[in-house]
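To start, the structure itself, in structure tokens.
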Amino acid sequence: MPQMKHISVLIKRAMSKGRETERGELMKYLCERINSSRLRDGLPKITMPRMGKTLEKIPTKDLYYLKSVCDQA
């Protein structure tokens, strides 16, 4: 008889796909770009919650500008 999975496993999977946003994708992109240089310099990674707190007052259109600057660099 196969063992049943706990319901929290199923709920987490469903929530993760439903909560993807345009702003979240930009945050993830910026976090990856920043962390690559931080790790190279021996600094700890910036987590997504910390990145969210840092960028919470910045409008999404300005995040697109930051992304374009990162792409050009």
So how far is it from [X] [atom1] to [Y] [atom2], rounded to the nearest 0.5 Å?
| X | Y | atom1 | atom2 | result |
| --- | --- | --- | --- | --- |
| Lys67 | Arg33 | NZ | CZ | 9.0 Å |
| Glu25 | Leu63 | CD | CG | 12.5 Å |
| Arg40 | Asn35 | CZ | CG | 11.5 Å |

Exercise for review: Say whether Met48 and Leu66 are linked into one hydrophobic cluster, either directly or through other cluster members, by side-chain heavy-atom distances under 4.5 angstrom.
Suggested key: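 Linked, Met48 and Leu66 end up in one cluster.
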
Point to revise | Contacts of type side-chain hydrogen bond (donor to acceptor under 3.5 Å, both in side chains), residue Gln72, not counting sequence neighbours | key: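 Here no residue qualifies.
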
Point to revise | Test side-chain hydrogen bond (donor to acceptor under 3.5 Å, both in side chains) applied to Thr60 - qualifying residues, sequence neighbours left out | key: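 Expected list: Arg23.
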
Exercise for review: Kindly determine whether Leu30 and Leu55 satisfy side-chain contact (heavy atoms from CB on, under 4.5 Å), including the steps that lead there.
Suggested key: CA-CA 10 Å; Leu30 292 171; Leu55 300 177; 4.1 Å; yes

Is the shortest side-chain heavy-atom distance between [X] and [Y] below 4.5 Å?
| X | Y | result |
| --- | --- | --- |
| Arg50 | Thr47 | yes |
| Val69 | Tyr64 | no |
| Ile34 | Lys45 | no |

Review point. Is Asp62 reaching over with its side chain to a backbone N or O of Ile58, donor-acceptor style, under 3.5 angstrom?
Key: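 Pair absent, no side-chain N/O of Asp62 close to backbone of Ile58.
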
